[in-house]
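Note sheet for the following structure.
We use all heavy atoms of the structure for the numbers below, so side chains are in, but hydrogens, waters and symmetry mates are not.
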4 protein chains.
Amino acid sequence: MLTVDPTDPTPLYAQLDRGIRAAIASGQLKVGDRLPTVRRLAIDLRVNTNTVARVYAELERSGVLTTHRGVGTFVREASATQGTPARRDLDRDLRPLVDRLLAEAAVIGISLADVIRYLERLESRPTSEN
Amino acid sequence: MLTVDPTDPTPLYAQLDRGIRAAIASGQLKVGDRLPTVRRLAIDLRVNTNTVARVYAELERSGVLTTHRGVGTFVREASATQGTPARRDLDRDLRPLVDRLLAEAAVIGISLADVIRYLERLESRPTSEN
Amino acid sequence: MLTVDPTDPTPLYAQLDRGIRAAIASGQLKVGDRLPTVRRLAIDLRVNTNTVARVYAELERSGVLTTHRGVGTFVREASATQGTPARRDLDRDLRPLVDRLLAEAAVIGISLADVIRYLERLESRPTSEN
Amino acid sequence: MLTVDPTDPTPLYAQLDRGIRAAIASGQLKVGDRLPTVRRLAIDLRVNTNTVARVYAELERSGVLTTHRGVGTFVREASATQGTPARRDLDRDLRPLVDRLLAEAAVIGISLADVIRYLERLESRPTSEN
DNA sequence: GTGGTCTAGACCACG
DNA sequence: GTGGTCTAGACCACA
């Protein structure tokens, strides 16, 4: 479920950090769920153990995860979704995500119109959460 | 119009590269349009001249832009969009990109409907404030 | 083995790029071989670290090299050599390159026979002093 | 006959300078031959007039060309071929030319062996001078 | 210790 | 005045 893309210029640790937060925010990981061990995840992602360990540590420092020694690492909070539901600055917050999507879609020949059409279909028949 | 966020762990050059590709994909930059000069954009984005020049150079090597020395840098015809002209399996190709967007949008409390609304605005007002 | 000439008007990075491609083409560098580290080569060639790093990065984007962060840079499989696997019209494709070589060799008093002798030596002693 | 390649990283002026010297050395231009006018050549090569004019001026300064005002520009000397026929440092002089050939040949899928074979055929049935 | 990114600032090629 | 190349040197990501 969690993945990193070694060809993405974004640092691995940042990809993993975002990925975990996103999995929690979108409900794929729920409060109390146990995460893979550092070594397990490092192997699965083909990434150095230190990289995974550093991300877990940072997420624990942020209060997102909690580690019980000898037991495992768990989701601690439902990830502070929203934040400023009213004063959302979409151009600051959504823009980079959309730019990335459009840029990667364009590379494989998918246009903005295609994306919108696809999202509208998704909306009318929601798959899981969101 | 183009922006970068120095606090984003994504490298500046990657943010700018994506931003330009996305601007073209969304119609805000059209074939033949001239981009800001390297120095101008560097000042506007508060990044180094070399960083902008590097992005322009890479986008030229990728066939997205074309540069006329001593004249300027321009959007090139959308030739990069072959690849799979016919066989488009959106569920296979677009799905993972969309999933990541929605998961990361969820982190900051942005829903699918918000995303669709944002993209539709992008589509309807192309080539606005260059 | 790799060299650059600072008095040549050809940009240093282009000289190095060509030198590496030529070394691979002539068998002096083989698939899987590790290249000198960026810093090592920069010192040996008396050029800036960035110049070498830029060439390695571009050759990776071109699929000629592959880089393992924290490990090193290696020669990748000769995948770039598709294109026209069968249809090879040497008189159309090679001729102009050869003509230019011979004309420029003539400027410094080097004959066709000299060139052939030089290339044969290259071919017979591959992978010599790395 | 004279050409420049705008995609070659070598500066246009250097390409043209080399091209003229090479044409003289290889006998395509002979002593007393008239060169195209600056404007004519600029148009043919799709290059700025200043660029051609600067090359002609530099070659005149070097004694390779001579200009008769209102008449034209002419080849003045048979281009000092050889130079050090005995103590040729092939690795310094031939190497960059060969690297360029091999690198460009490799890009279009032509190997060192192909090049050698082609040159040997050329040698056995010489086409013009060389 | 290896490669990657960024900056400040100089100088060059070209129009 | 536009883009291109190079340097010195700092700091980061990763193994």
> When the distance from CG of C:L16 to P of F:dT7 is rounded to whole Å, what number comes out?
Replying inline: 11 Å
>> For DNA chain F, which residues of residues 44-55 of chain A approach it to below 4.0 angstrom with any heavy atom?
In response: A:N48, A:T51
> Any idea which heavy atoms bring B:L41 and B:V52 closest together, and the distance?
Replying inline: CD2-CG1, 4.0 Å
>> Is any side-chain heavy atom of B:L16 closer than 4.5 Å to one of B:I20?
In response: yes
> Between A:H68 and A:T66, is any pair of side-chain heavy atoms under 4.5 Å apart?
Replying inline: yes
> Would you call D:L101 and D:L97 a side-chain contact if the rule is heavy atoms closer than 4.5 Å?
Replying inline: no
>> Minimum heavy-atom separation for B:P6 and B:L12, please, with both atom names.
In response: CA-CD2, 4.1 Å
> Side-chain contact, heavy-atom cut-off 4.5 Å: D:S26 with C:E104?
Replying inline: no
> Closest to the A:P11 side chain: F:dG3, F:dA13, F:dT5?
Replying inline: F:dA13
>> Nearest heavy atom decides the nucleotide; on that basis, is C:H68 or B:Y56 closer to the 5' end of DNA chain F?
In response: B:Y56
> B:R34 near the nucleic acid: base, sugar-phosphate alone, or nothing, with a heavy-atom cut-off under 4.0 Å?
Replying inline: sugar-phosphate
> Just how far, in rounded Å, is P of F:dG9 from CD1 of C:I43?
Replying inline: 13 Å
>> On DNA chain E, does the nearest nucleotide to D:T10 precede the nearest nucleotide to C:E60 from the 5' side, or the other way round? Give the residue.
In response: C:E60
>> I'd like to know if B:R39 reaches the base of F:dG3 with its side chain such that a donor and an acceptor end up less than 3.5 angstrom apart.
In response: yes
>> Side chains of B:L65 and B:F74, heavy atoms from C-beta outward: is any pair under 4.5 Å?
In response: no
> Considering only side-chain heavy atoms of C:Y13, which listed nucleotide, F:dA13, E:dC6, F:dC6, is closest?
Replying inline: F:dC6
> Once you round it to whole Å, what is the distance between C1' of F:dG4 and CG of B:L65?
Replying inline: 15 Å
> Between B:R69 (CZ) and E:dC11 (P), how many Å, whole number?
Replying inline: 18 Å
> Could you write out DNA chain E as a dot-bracket string, with dots for unpaired bases, | for bases paired across to another strand, and Watson-Crick or G-U pairs counted at under 3.5 Å?
Replying inline: ||||||||||||||.
>> If I take atom CG in residue B:L41 and atom C1' in nucleotide F:dG4, what distance separates them, rounded to the nearest angstrom?
In response: 17 Å
>> Which is more 5' along DNA chain F, the nucleotide nearest B:V71 or the one nearest C:A14? Just name the residue.
In response: B:V71
> In whole angstroms, how far is the P atom of E:dA13 from the CG atom of C:L12?
Replying inline: 13 Å
> What pair of heavy atoms forms the shortest contact from B:A14 to A:P9, and how long is it?
Replying inline: CB-CG, 3.5 Å
> Does OP1 or OP2 of E:dG3 have a side-chain N or O of C:T73 closer than 4.0 Å?
Replying inline: yes
> Can you name the nearest heavy-atom pair linking C:T10 to D:R18, along with the distance?
Replying inline: OG1-NH2, 3.5 Å
> Please give, in whole Å, the distance from E:dC6 P to B:D5 CG?
Replying inline: 12 Å
> Rounded to whole angstrom units, what separation is found between the CG atom of D:D8 and the C1' atom of E:dC14?
Replying inline: 15 Å
>> Taking the six-membered ring of D:Y13 as reference, does the cationic atom of D:R54 (NZ for Lys, CZ for Arg) lie under 6.0 Å from its centre and within 45° of its axis?
In response: no
